[in-house]
Amino acid sequence: MNYNSSSIPAIQAESLTKEFGDFTAVDAITFQVEKGEIFGFLGANGAGKTTAIRMLCGLLQPTSGSATVAGFDVFTQPEEIKKNIGYMSQRFSLYEDLTVKENIRFYGGIYGLSNEAIKEKTGILLERLKLHNEAGSLVKRLPLGWKQKLAFSVSLIHDPAIVFLDEPTGGVDPVTRRQFWEMIYETAYGGVTIFVTTHYMDEAEYCHRISIMVNGKIVALGPPSGLKNKLNADSMNQVFLKLVRQS
Amino acid sequence: MIEVNNIRKTYGDTVALDAVTLSVGKGELFGLIGPDGAGKTSLFRILTTLLLPEGGSATVNHHDVVKDYKKIRKEAGYMPGNFSLYQDLSVEENLQFFASIFHTDIQTNFEIIRSIYEPLAPFKNRRAGALSGGMKQKLALCCSLIHNPPVLFLDEPTTGVDALSRQEFWETLHELKKKGVTILVSTPYMDEASLCDRIAMIQAGHLIGIGTPAEIISGFTKPLWSVSGMDIYRLLKDLQDFQQTDSCSLFGNNIHVTLKNGVADVSALKEYLLRKGHETASINPVAPVIEDCFIERMKE
Amino acid sequence: MSVFFSFIKKESRHIIRDKRTLLILFGMPLIMIILFGYAIRNDIGNSKIVVVDEAHDPYSAQLIAEINASKYFEVSRIVGNEASLNHEFQQEKAAIAIIIPPDFSHRLLHLKTAQVRLVADASDPNTATILINYATAIVHQFQQRLFPSAAISLYIQPEIRMLYNPAMKSVYGFVPGVMTLILMLVSAMMTAITIVKEKETGTMEVLLASPLQPPLIVLGKITPYILLSFINALLILGFGILLFQVPMRGSWFLLLAECVLFTLTALSLGILISTTTSNQQTAMMLSLGGLLMPTVLLSGFIFPLKSMPVILQWFANVIPAKWFIIILKNIMIKGAGWHEVWAETGILSAMTVFFVIISIKKFKTRLS
């Protein structure tokens with residue numbers, strides 16, 4: 001069955017668990033992310049977020065439970081999953097000493113795009129980011145905001161079903177940040193699922209739904225407004241602090 | 001405590017700081033807020049005597065940053081942005097070392113760090129590299145406080161730590177402030193502004209606003225509306241096309257909008273949204289936050 | 001002073017806790033010494049020698065018998081003339097040849113002087129030198145036995161010809177070379193890396209913004225490395241002398257003093273590198289490319305300087321390692337004293353002062 005034309009959720013996890021020896025890093029998490037949703041995956045340092053994401057990306061075999069990503073099973077089809085997801089982190093995405101065009105080419109290449117496809121994508125991408133004049137510039141010469149937009153676009157080059165974003169807007173000025181979120185919304189509007197992890201609760205406010213992990217378990221799940229109401233809090237920051245301090 | 005007068009610094013063609021002027025009073029918790037590359041670190045390095053300004057003057061505790069740099073080095077506490085301690089030394093060894101370079105020891109000024117050090121004490125023999133992010137941050141703060149400095153410079157201390165540790169960190173800063181320590185702290189996160197007594201907003205080497213958080217928010221002159229609805233992205237696009245829109249951008253799950261004629265345009269906006277099929281959209285007046293103010297001043 | 005002491009304590013902890021680096025620091029000199037030591041020793045026993053006996057007389061026969069009896073040589077062929085010699089070398093049937101001229105006995109007895117010629121395959125210069133030395137020694141022994149009385153001034157003059165590498169004059173002992181290399185490595189590379197590491201962790205900024213005097217920061221960082229280098233030097237000397245019977249004919253005091261001097265040279269270079277770089281990889285690359293390569297290639301340690309193009313020979317003069325190797329060799333092997341090495345020591349000292357001044361100038365009290 002084709003994921004795109006089906007009603008399969010983008011991510012479906014059932015009692016997903018990962019143990020390292022005696023230590024349970026991820027403790028039976030169950031959640032679902034709909035197609036085209038912007039999903040915030042929050043948690044304190046060491047709460048098990050990274051382990052959970054690695055399992056969802058097909059990089060780590062779960063101990064028990066089940067999960068599908070873009071319709072593929074994390075136990076049996078990790079390679080299929082990798083082909084259908086994109087990844088962007090503020091820190092490590094682009095090669096600073098390659099030009100804008102070379103970066104696009106490289107990432108197109110590793111996802112097996114044909115030369116024609118890469119050429120076409122490069123054109124579309126540069127047009128959309130208004131980066132035509134900078135196509136031959138080294139990435140390190142670009143302002144931080146542009147780098148982030150470029151990194152995000154590059155993570156979408158192979159039309160993935162889901163993109164994982166790690167603290168996508170850390171350190172940029174607020175105008176650029178709001179523009180960046182506009183891009184994310186646009187992408188989600190086009191049917192791509194966005195999975196965001198961040199330490200910054202004001203980034204969390206932008207998500208459709210949020211999950212908060214504490215000690216390997218998901219302790220809260222819902223839209224930001226719902227969580228704020230439920231915990232009688234003004235901001236996601238307060239929601240987070242209340243939940244983490246409770247446990 | 002800190003006086004900065006027309007400070008200027010360039011790196012080749014890039015202007016890092018352009019005529020920056022600010023003043024921090026004794027016992028104040030002052031925030032320097034701006035994105036990466038705005039010039040925060042350059043200002044910190046000038047005030048901690050690590051960089052020479054190209055123009056203007058500055059004093060820290062009445063000592064000139066150029067002439068009396070030795071006095072500042074004796075007195076001031078400084079935690080650089082990338083400060084990550086000595087990973088291979090234990091908690092106690094780190095603290096001991098930083099005490100010794102200021103010609104003091106852990107005991108002499110222990111009172112100032114007592115409450116911060118308490119949660120660390122059980123791990124005093126653990127290597128700094130094996131501590132959690134929040135713990136490292138606490139230890140780093142202890143190390144920069146161990147000589148009981150009257151003024152403390154903290155360059156982006158909350159970058160990369162989780163929300164709980166950040167909250168605790170700010171609580172600690174408020175305790176230090178009560179003890180009379182003057183603190184200049186920088187952060188790229190607008191939502192931390194409200195935790196400071198006064199803030200300066202910095203963008204591309206220019207200060208674009210200075211004052212208490214309340215003053216800055218009250219300086220936002222236009223009425224601001226928060227528009228929410230079912231299909232936020234389409235709503236945003238339609239708002240951008242609306243003729244009377246002055247500014248509009250995403251803010252969390254809503255859209256912050258200002259209108260060219262303020263309140264006078266609201267009814268027209270309502271009609272417009274209905275015409276565009278946003279029956280469920282709601283328009284509510286909303287108080288601006290620091291981020292809105294920052295954006296407004298950036299445009300000027 | 002207590003600041004300095006706590007600095008040293010902290011620095012020593014860094015060193016002791018970094019087990020991998022420690023292993024490299026002390027393991028590498030051992031491995032190098034053993035490799036170089038045995039690599040040289042291996043070829044020596046029972047090397048093939050071709051004798052060109054143009055004399056065919058009792059004396060020549062006696063000389064040949066003596067060569068064959070030695071543990072170093074095994075006569076592979078005795079031929080009547082030189083014509084086939086090149087062929088023998090190319091087929092690797094001989095590493096060395098001795099040519100006894102037709103009038104050997106006659107000259108020896110009547111002209112009171114005789115000449116034999118030694119020809120060696122110098123494509124491996126180390127081996128060639130050693131073989132020539134052994135052969136010369138045998139010839140001299142032979143002459144001593146024939147004419148024990150010193151009153152008769154008869155002597156055999158071996159004429160040495162190095163094949164394939166005629167410019168090669170001599171090969172230095174490996175111990176001075178390894179010592180130079182290790183001291184360079186420990187002192188320069190390690191200090192450069194350790195200073196740059198502080199820049200990476202932001203601790204350097206804190207140190208600079210503290211009341212510490214910048215020279216004290218540098219001194220505190222390098223002192224443990226001076227000690228470490230010194231231990232390393234002793235280790236190498238010990239192994240060289242005990243395991244491989246490398247001679248130590250000069251003054252120990254002078255030798256160790258020179259070691260300290262060279263350590264300082266290398267340290268100042270390390271500081272210089274650290275002032276121009278901001279991450280550990282760059283510091284490592286610069287140390288390897290800028291210091292170790294020239295030390296290996298242009299110091300005369302492995303490749304003889306005399307056979308290099310003049311430009312490279314000039315360039316070698318600015319490489320501290322060249323002078324240090326000369327000093328070491330002179331003291332250890334020739335038993336030279338201060339009078340013989342003062343010039344080289346002077347050059348090395350001048351270089352050190354120069355580098356120290358530059359590195360102090362570059363290591364400013366501020367960041368830029």
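Protein chains get the first letters and strands the later ones, always in sequence-line order, with residue 1 at the start of each. Atoms considered below: every heavy atom in the structure, side chains included; atoms not considered: hydrogens, waters and symmetry mates.
- Heavy atoms of other residues, nucleotides or ligands lying less than 6.0 angstrom from CE of Met28(C) number more than 12.
- Annotation: side chain of Lys10(C) is not in contact with side chain of Asn94(B) (no heavy-atom distance under 4.5 Å).
- Of the atoms belonging to Glu200(C), it is backbone heavy atoms, and not side-chain ones, that fall under 4.5 Å from chain B.
- Taking every heavy atom of both residues into account, Pro80(B) and Gly202(C) meet most closely at CG-O, 3.5 Å.
- Contact check on Glu93(B) versus Arg13(C) returns a salt bridge, with a Lys/Arg side-chain nitrogen under 4.0 Å from an Asp/Glu carboxylate oxygen.
- The environment of NZ in Lys179(B) is crowded: more than 12 heavy-atom neighbours from other residues, nucleotides or ligands sit within 6.0 Å.
- To the nearest 0.5 Å, the span separating CZ on Phe98(B) from OG on Ser210(C) amounts to 9.0 Å.
- Within the 4.5 angstrom heavy-atom criterion, only side-chain atoms of Lys70(B), from C-beta onward, approach chain C.
- Note that CD of Glu205(C) is 6.5 Å distant from OG1 of Thr48(B), once rounded to the nearest 0.5 Å.
- Side-chain contact between Met79(B) and Val206(C): absent, with no pair of heavy atoms (C-beta onward) separated by less than 4.5 Å.
- Met204(C) contributes atom CE, which lies 11.0 Å from atom CG of Leu50(B) (distance to the nearest 0.5 angstrom).
- For the atom pair NZ of Lys74(B) and CG of Leu212(C), the computed distance is 11.0 Å after rounding to the nearest 0.5 Å.
- Atom CH2 of Trp314(C) has 12 or fewer heavy atoms from other residues, nucleotides or ligands within 6.0 Å.
- Rounding to the nearest 0.5 angstrom, the gap separating the CZ atom in Phe97(B) from the CG atom in Leu207(C) is 5.0 Å.
- Between the CG atom of Leu85(B) and the OG1 atom of Thr201(C) there is a distance of 8.5 Å, given to the nearest 0.5 Å.
- Inter-residue side-chain proximity for Phe83(B) and Thr203(C) is flagged as met; some heavy-atom pair is nearer than 4.5 Å.
- By the neighbour-count criterion of 12 heavy atoms within 6.0 Å, atom CG of Leu242(C) is densely surrounded, having more than that number from other residues, nucleotides or ligands.
- In this structure, the side chain of Arg17(C) engages the main chain of Asp88(B) through a donor-acceptor pair within 3.5 Å.
- Contact annotation for Phe153(B): neither backbone nor side-chain heavy atoms come within less than 4.5 Å of a heavy atom of chain C.
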